[in-house]
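What you are looking at is a predicted structure, and each value in this text was computed from that prediction instead of being measured.
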Amino acid sequence: MAVSAPPWLIQQLFDNDGLLNAGGTLEFFVAGETTPLAAYTDATGATACENPLPLDSSGRCQFWLTQGVAYKVIQ
């Protein structure tokens, strides 16, 4: 399976109040649906991440997405 990192992988995430989203999460779904969709822990695409995926203390996380699949990612 071909996976790739999203172009904004290194971006730091903030909450709706503009505060660092330390301890927040990202959730992955099929685009336009509420069906959960796997993201992966590394470029091999062998191991799925937690869904929702926790952000670290700096509001970041790493994940890879299946190429050619439309995702909806919710913070």
> Once you round to the nearest 0.5 Å, how far does OG1 of T34 lie from CZ of F29?
Replying inline: 7.0 Å

> Ignoring hydrogens and geometry, is there a side-chain-to-backbone donor-acceptor pair from Q12 to L20 under 3.5 Å?
Replying inline: no

> Rounded to the nearest 0.5 Å, how far does CG of D15 lie from CD of Q75?
Replying inline: 7.5 Å

> Which pair of non-hydrogen atoms, one from N51 and one from P36, has the smallest distance, and what is that distance?
Replying inline: ND2-CB, 3.9 Å

>> How close do W64 and D42 get, counting heavy atoms only, and between which atoms?
In response: CE3-CA, 3.4 Å

> Of the non-hydrogen atoms in G18 and F14, which two are nearest, and what is the gap between them?
Replying inline: O-CD2, 3.6 Å

>> Quick check: do P52 and L26 have side-chain heavy atoms less than 4.5 Å from each other?
In response: no

>> What's the separation between atom CG in N21 and atom OG in S57, rounded to the nearest 0.5 Å?
In response: 12.0 Å

>> When you group the ILVMFWY residues by side-chain heavy-atom contacts below 4.5 Å and let the links chain together, are L53 and Y71 in the same group?
In response: yes

>> Test your reading of the model: is there a side-chain donor-acceptor pair from D17 to the backbone of L19, 3.5 Å cut-off?
In response: no

> When clusters are formed by joining ILVMFWY residues with side-chain heavy atoms under 4.5 Å apart, either directly or through shared neighbours, do V69 and F63 land in the same one?
Replying inline: yes

> Would a distance-only check, ignoring hydrogens and angles, find a side-chain to backbone donor-acceptor pair under 3.5 Å from K72 to F28?
Replying inline: no

> What's the spacing between T66 OG1 and L37 CG if we round to 0.5 Å?
Replying inline: 6.5 Å

> Out of curiosity, L13 CG to L55 CG, how far, rounded to the nearest 0.5 Å?
Replying inline: 5.5 Å

